[in-house]
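Worksheet: one structure, shown below.
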Amino acid sequence: MTLKLKFPGISDDLIEKIMADDNPQRIKEVIGTLEESMTMLEKGMSPDQIISAFKNTPRTKNSAGGL
């Protein structure tokens, strides 16, 4: 219920998919992405610009190591 209040317009299907996940780290990452996209919307970016910004963001380098 708090997700509906925090993110107005979010679909019930998306909320169910987020809550069905049993990995708390992944849930936090998804909620963080939603918060970031809401901030971008408030700054005046269009949904297409937000999607392209997320797609064009490079991955952070994983740590080295191993055998």
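Everything numeric here is computed off the predicted structure, so don't read it as measured data.
- In terms of heavy-atom proximity, Ile18 sits nearest to Leu3 at CG2-CD1, 4.4 Å.
- Counting heavy atoms from C-beta outward, Lys4 and Asp12 have side chains that approach closer than 4.5 Å.
- Across all non-hydrogen atoms, the minimal contact from Phe7 to Ile31 is CZ-O, 4.1 Å.
- Atom CD of residue Glu29 and atom CG of residue Asn23 lie 7.5 Å apart, to the nearest 0.5 angstrom.
- The distance from atom CD1 of Ile51 to atom CE of Met40, rounded to the nearest 0.5 Å, is 11.5 Å.
- For the atom pair CD (Gln49) and CG (Asn56), the distance works out to 12.0 Å, reported to the nearest 0.5 Å.
- By the 4.5 Å heavy-atom criterion applied to side chains, Lys6 and Leu34 are not counted as neighbours.
- Taking the side chain as every heavy atom from C-beta outward, Asp21 and Val30 never approach each other to under 4.5 Å.
- Both Met45 and Phe54 are assigned to one and the same hydrophobic cluster, defined by single-linkage of ILVMFWY side chains at heavy-atom distances under 4.5 Å.
- Between the CD1 atom in Ile50 and the OG1 atom in Thr39 there is a gap of 9.0 Å [rounded to 0.5 Å].
- The pair Asp13-Lys17 meets the salt-bridge criterion, with a side-chain N (NZ, NE, NH1 or NH2) lying under 4.0 Å from an Asp/Glu carboxylate O.
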